[in-house]
Amino acid sequence: SSLMKGGGGREGGEIVTGSGADGHAGQGDADRGDPPACAPEIDMPTGTNCAQAKLTCGADVTGSTGTGRAHFGDDFYQGMHCTPQRHHYDESGEAVYLLNIPADVEATVHVESDCGDLDVATYRFERGGACPTAKDPIAQCEMDTKRGDATVKVTTVNSPEKHLVIVDGKGGDEGNFRLSVSCRTYR
């Protein structure tokens with residue numbers, strides 16, 4: 001699988017792909033390494049529009065919320081039905097990726113970090129462009145808010161989907177992380 005480390009000010013996002021256990025890109029499990037060290041912060045690409053970089057199935061990337069922007073917060077996560085809890089997400093930066101998921105696939109997004117209490121959310125985002133806000137129509141959103149490693153599963157049916165993958169910290173927590181995406185065809 002490919003590993004992307006941030007690129008300090010690059011425009012546009014890199015597309016990050018990987019090969020799965022069966023040798024086909026985007027299938028099987030991503031090879032997970034250890035979470036990155038907490039210092040120094042990993043530079044993130046600046047990206048364009050909402051996402052800082054693009055992901056596909058099989059991606060295995062390192063990043064940091066400490067070098068990200070603070071766009072999403074409690075109002076967004078509650079308004080989009082990602083979580084009913086308020087954890088002061090407004091106080092920390094986040095890392096934002098755009099994940100393209102093929103049709104009839106279950107994608108598992110996993111985040112590991114020893115550097116802060118980081119959570120992961122996926123938000124269906126077909127329109128592209130600027131980041132959604134709490135005032136946008138409700139779309140599909142999943143979020144793992146438990147302490148420690150975070151995992152979210154997204155399933156597509158009959159057609160491909162685009163999702164924002166958001167890594168965010170509770171109460172101002174920021175830090176480096178490893179994010180992996182594994183996919184399997186289910187029908």
Side-chain angles (χ1 to χ4, degrees), residues 6 9-16 41-57 59 61 63-103 105-111 113 116-147 149-175 177 179 181 183:
R10 286 187 308 237
E11 286 297 321
E14 294 179 43
I15 295 178
V16 183
E41 287 181 342
I42 297 169
D43 287 333
M44 293 291 292
T46 56
T48 56
N49 297 317
C50 187
Q52 294 166 277
K54 297 177 183 177
L55 300 174
T56 59
C57 291
V61 302
S64 179
T65 59
T67 57
R69 53 195 163 208
H71 178 81
F72 299 102
D74 291 334
D75 290 343
F76 175 80
Y77 295 126
Q78 280 188 325
M80 293 300 139
H81 300 268
C82 306
T83 181
Q85 302 165 332
R86 296 186 75 81
H87 290 293
H88 305 285
Y89 291 107
D90 314 78
E91 298 173 12
S92 58
E94 62 262 342
V96 182
Y97 300 89
L98 181 64
L99 173 61
N100 293 300
I101 307 171
V105 164
E106 178 186 78
T108 302
V109 179
H110 183 77
V111 172
S113 178
D117 191 1
L118 304 182
D119 297 336
V120 65
T122 60
Y123 175 83
R124 189 164 179 187
F125 191 62
E126 298 294 339
R127 70 172 166 85
C131 289
T133 69
K135 295 179 182 180
D136 283 328
I138 295 173
Q140 177 184 350
C141 187
E142 302 293 333
M143 190 170 194
D144 184 344
T145 62
K146 74 177 182 306
R147 187 160 189 86
D149 296 351
T151 302
V152 170
K153 292 187 183 225
V154 178
T155 304
T156 61
V157 179
N158 295 329
S159 60
E161 295 180 4
K162 295 177 182 176
H163 287 256
L164 291 178
V165 175
I166 307 162
V167 181
D168 207 343
K170 293 183 185 87
D173 269 9
E174 296 179 334
F177 60 85
L179 182 150
V181 180
C183 296

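No experiment lies behind these values; they were computed from the predicted model shown.
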Check your understanding: With sequence neighbours left out, what residues match His87 under ring pair (Phe, Tyr, Trp, His ring centres under 6.0 Å)?
Key -> Tyr89
Point to revise | Test ring pair (Phe, Tyr, Trp, His ring centres under 6.0 Å) applied to Phe72 - qualifying residues, sequence neighbours left out | key: Phe76
Flag the pair [X] / [Y] as yes when at least one side-chain heavy-atom distance between them is below 4.5 Å, and no otherwise.
X: Pro137; Y: Pro132; answer: no
X: His81; Y: Ile138; answer: yes
X: Tyr77; Y: Asp119; answer: no
X: Tyr97; Y: Val181; answer: no
X: Leu179; Y: Val111; answer: yes

In chain order, what residues pass the salt bridge (Lys or Arg N to Asp or Glu O under 4.0 Å) check against [X], with sequence neighbours excluded?
X: Glu106; value: Lys153, Arg184
X: Asp75; value: Arg86
X: Asp173; value: none

Report the distance from atom [atom1] of [X] to atom [atom2] of [Y], rounding to the nearest 0.5 Å.
X: Ser113; Y: Glu174; atom1: OG; atom2: CD; answer: 11.5 Å
X: Leu99; Y: Arg124; atom1: CG; atom2: CZ; answer: 12.5 Å
X: Asp90; Y: Asp168; atom1: CG; atom2: CG; answer: 8.5 Å
X: Asp117; Y: Thr145; atom1: CG; atom2: OG1; answer: 9.0 Å

Check your understanding: What residues form a side chain to side chain contact (heavy atoms under 4.5 Å, CB included) with Thr122, not counting sequence neighbours?
Key ->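 With sequence neighbours excluded, Thr122 shows a side chain to side chain contact (heavy atoms under 4.5 Å, CB included) to Val109, Glu142, Val152, Val154, His163, Val165, given in chain and number order.
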[X] to [Y] - nearest heavy-atom pair and separation:
X: Arg147; Y: Lys170; answer: N-NZ, 4.5 Å
X: Cys141; Y: Tyr123; answer: CB-CD1, 4.1 Å
X: Thr156; Y: Pro102; answer: OG1-O, 2.6 Å

Review point. How far apart are the C-alpha atoms of Thr108 and Thr151, what are their side-chain angles, what is the distance that settles it, and do they pass the side-chain contact (heavy atoms from CB on, under 4.5 Å) test?
Key: CA-CA 7 Å; Thr108 302; Thr151 302; 3.5 Å; yes
Point to revise | Verdict with supporting geometry, Asp136 and Met80, side-chain contact (heavy atoms from CB on, under 4.5 Å) | key: CA-CA 8 Å; Asp136 283 328; Met80 293 300 139; 4.2 Å; yes
Check: [X] side chain, [Y] main-chain N or O, donor-acceptor pair, under 3.5 Å:
X: Asn49; Y: Ala51; value: no
X: Glu94; Y: His71; value: yes
X: Lys54; Y: Asn100; value: no
X: Glu126; Y: Lys162; value: yes

**Study point:** Glu41 versus Ser64, side-chain donor and acceptor atoms under 3.5 Å
**Key:** no
Practice item. Walk me through it: do Ser92 and Thr65 pass the test side-chain contact (heavy atoms from CB on, under 4.5 Å)? Key: CA-CA 8 Å; Ser92 58; Thr65 59; 5.8 Å; no
Practice item. Determine whether more than 12 heavy atoms belonging to other residues, nucleotides or ligands lie under 6.0 Å from atom NZ of Lys135. Key: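 Incorrect, the count does not exceed 12.
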